[in-house]
Amino acid sequence: VNDEGVRRYRDPVLKMVPGYTDQPRPLTGYVLIMGAFNAIFALAMFLYFRRERGRAAEIGLTDLIVGGIAAHKISRLLAKDSVTSPLRAPFTKFEGPGDLPSELMESPRGYGVQHAIGELVTCAYCMGQWVSAFLAYGLMLAPRFTRAIGWVFVIHTLSDVLNMLYETLVEVSQKSTDVLEQKSDVTKAGQSE
Amino acid sequence: MSQSTSSAASNRLHDVASEYSGDAPRPLGGYLTLMGTFVSLFVGFLLFVTGRGRKLPEGFGRSDLLLLGVATHHFGRMLSKAGVTSPLRAPFTQFQGPSDPPAELKESVRGSGFRHAFGELITCPFCVGLWVAALFSYGLVLAPRVTRLIGSILVIDWISDNLNLIYDATANLATKTPDLREKKAESLDHNN
């Protein structure tokens, strides 16, 4: 079904740039995504200037760091986590479990706009841009609420890092036991000879 | 008279260009146009600021420089390499395939003359960086809050991207460690 669709589909933006590629690149989807992002930016600016009337909301260094760490965590949660997969399901195909705990591998499906959105929602780096923007708007429009959300995810990140460290330690101790066992096997073999 | 002078000058320019380029089709005219545009924007900005009876700030704060420096790095890559911005580059480039960094594409420049020069500019983060840096600086003078907000979004995203890279690298290491262990075991077997 999809092959037939891809064959028939003519991307309107791609048609305007002959010579760019023969492949079905979803340029129209990209244009819509960029348009939506910038429209939301304009809306946030409008709300901010209407409400604040000259009072500056400062985004300080702590906000940037907390926001950055939170954006990392939220973007992975949205793009990869198994529990958020129903949100991605209209645009993606399940491929299997991911490399990291509680993460899935999914690929974008369909063509055109659906594929472009599928690329966005399966890519933590791409979702990061949207999450960062929303965190920044939040810091301007509702700083306390946004900071609270930010801290939740900073704490979550810390916990994840500690879990990874713990698992690495388990692996290292496991490895050292293996090595010790091998050593004792070797000495036993030497004694028996 | 003036017409003949100008045509003589343009002949002279053509001579310089062909002697310089030889057989390689260097887009010198395109480069000149780009430099001209950049300088005109700068002059236009200066006239705009001073014309409104304002003065340029004595200097930028350190935190603004740091913020916009990181933001320029990130925005430069986004404009010149990201998949989602490819429709903006498509009239000047040709799609080659996905690139190694996440969400980035490989594209080559096509066409000749100004089109080629502009294509070189917009596929190169280092080259776009200068324009982005200049526009951010003008923004900081004309609309500091909007500029700082855009900078903040980009810095937050930059931190997030770096953490995601580290996180993915840990995953790669973790998945590759068993392979390494098996290889080591194999080599131990061979030695025995």
Side-chain angles (χ1 to χ4, degrees), chain A residues 13-14 16-17 19-21 23 25 27-28 30-31 33-34 37 41 44-45 48 56-59 61 63-65 67-76 98-100 103 116 119-120 123-126 128-129 131-133 135-137 139-140 157 160 164 167-168 171 175 178 182 186 189, chain B residues 63 66-67 70 74 78 82-97 101-105 107 110-111 143-146 148-168 170-178 180-181 184-185 188 192:
Chain A
V13 174
L14 197 53
M16 297 195 299
V17 283
Y20 176 62
T21 182
Q23 297 181 37
R25 302 286 304 156
L27 295 194
T28 307
Y30 293 160
V31 168
I33 288 172
M34 283 193 285
F37 185 89
F41 176 80
M45 283 289 91
Y48 174 67
E58 291 284 321
I59 300 182
L61 184 61
D63 284 330
L64 287 180
I65 294 171
I69 297 173
H72 146 69
K73 204 78 243 169
I74 299 172
S75 66
R76 287 203 88 88
D99 293 332
L100 285 159
E103 291 191 353
E119 282 182 15
L120 169 67
C123 157
Y125 300 89
C126 317
Q129 172 69 20
V131 174
S132 304
L135 284 173
Y137 307 151
L139 285 169
M140 289 184 341
T157 305
D160 270 12
M164 281 187 154
E167 279 166 18
T168 315
E171 207 161 298
K175 234 193 250 174
D178 292 354
Q182 273 176 2
V186 169
Chain B
S63 60
L66 206 60
L67 182 90
V70 176
H74 200 56
M78 207 178 278
V84 72
T85 53
S86 61
L88 307 176
R89 296 186 302 271
F92 308 94
T93 60
Q94 194 180 30
F95 176 72
Q96 302 287 337
E104 291 189 359
L105 300 180
E107 288 173 341
R110 65 190 162 104
R145 278 195 244 161
V146 178
R148 285 195 191 109
L149 171 72
I150 295 173
S152 300
I153 295 175
L154 290 163
V155 169
I156 291 173
D157 189 40
W158 172 74
I159 296 175
S160 160
D161 275 8
N162 280 279
L163 291 175
N164 276 329
L165 277 174
I166 294 172
Y167 208 74
D168 283 335
T170 335
N172 282 339
L173 276 181
T175 46
K176 270 174 196 159
T177 319
L180 289 178
R181 204 193 285 165
K184 232 181 190 169
L188 276 176
N192 290 350

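In what follows, chains are A, B, ... by sequence order, proteins preceding strands, each numbered from 1. All values below come from the heavy atoms of this structure, side chains included, with hydrogens, waters and symmetry mates left out.
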### Message
With chain B as the partner, which of Cys123(A), Gly128(A), Gly68(A), Ala133(A) has the greatest number of non-hydrogen pairs under 4.5 Å?
### Response
Gly68(A)

### Query
Side chain, backbone, both or neither: which part of Leu105(B) has a heavy atom under 4.5 Å from chain A?
side chain

### Region of Gln96(B) that comes under 4.5 Å of a non-hydrogen atom in chain A
neither

### Summary
Tightest non-hydrogen contact, residues Ser75(A) and Ser160(B), listed as OG-OG, 3.9 Å

### Query
Looking at CZ of Arg89(B) and OH of Tyr20(A), how far apart are the two atoms once the value is rounded to the nearest 0.5 Å?
6.0 Å

### Query
Do you know which of Ala70(A), Ala124(A), Gly19(A) has the most heavy-atom pairs under 4.5 Å to chain B?
Gly19(A)

### Message
What part of Glu103(A) gets within 4.5 angstrom of chain B, counting heavy atoms only: side chain, backbone, both, or neither?
### Response
side chain

### Message
Looking only at heavy atoms and a cut-off of under 4.5 Å, which of Thr85(B), Ile153(B), Leu165(B) has the most pairs with chain A?
### Response
Ile153(B)

### Query
What part of Tyr167(B) lies closer than 4.5 angstrom to a heavy atom of chain A: side chain, backbone, both or neither?
both

### Query
Of the backbone (N, CA, C, O) and the side chain (C-beta and beyond), which part of Ile33(A) lies under 4.5 Å from a heavy atom of chain B, both, or neither?
side chain

### Task
Measure across Val146(B) and Phe41(A) and return the closest heavy-atom pair with its distance rounded to 0.1 Å.
CG1-CZ, 4.0 Å

### Message
As a test of understanding, state which of Asp157(B), Asn164(B), Asn162(B) forms a side chain to side chain donor-acceptor pair (under 3.5 Å) with His72(A).
### Response
Asn164(B)

## Note on the structure
In terms of heavy-atom contacts, Ala136(A) and Leu149(B) come closest through CB-CD1, 3.8 Å

### Task
For residues Val84(B) and Gln129(A), determine if any side-chain heavy atom of one lies less than 4.5 Å from a side-chain heavy atom of the other.
no

#### Entry: Pairs of heavy atoms under 4.5 Å with chain A: top-ranked of Gly111(B), Gly83(B), Ala82(B)
Gly83(B)

### Query
Where do Ala103(B) and Cys126(A) come nearest, in terms of heavy atoms and distance?
CB-SG, 3.5 Å

### Query
Nearest 0.5 Å, what's the CG-CG distance between Leu100(A) and Asp168(B)?
7.0 Å

### Task
Check each atom of Gln23(A) against the heavy atoms of chain B and say whether the ones under 4.5 Å are side chain, backbone, both or neither.
side chain

### Query
Minimum heavy-atom separation for Ile159(B) to Leu64(A), with atom names?
CD1-O, 3.5 Å

### Query
Which residue out of Asp160(A), Thr21(A), Leu27(A) racks up the most heavy-atom pairs below 4.5 Å with chain B?
Leu27(A)

### Query
What heavy-atom pair brings Ser86(B) and Tyr30(A) nearest, and what distance separates the two atoms?
OG-CD1, 3.3 Å

### Leading residue by heavy atom contact count with chain B [cutoff under 4.5 Å; candidates Ala116(A), Gly98(A), Ala71(A)]
Ala71(A)

### Summary
Taken to the nearest 0.5 Å, the spacing of Thr170(B) OG1 from Glu167(A) CD works out to 11.5 Å

### Message
Can you confirm whether Tyr125(A) sits close enough to Glu104(B) that some side-chain heavy atom of one is under 4.5 Å from a side-chain heavy atom of the other?
### Response
no

### Task
Show your reasoning for whether side chain to side chain contact (heavy atoms under 4.5 Å, CB included) applies to Leu61(A) and Leu66(B).
CA-CA 11 Å; Leu61(A) 184 61; Leu66(B) 206 60; 5.9 Å; no

### Message
If I measure from the heavy atoms of chain B, does Met16(A) come under 4.5 Å with its side chain, its backbone, both, or neither?
### Response
neither

### Heavy-atom side-chain contact between Pro87(B) and Met34(A) under 4.5 Å
yes

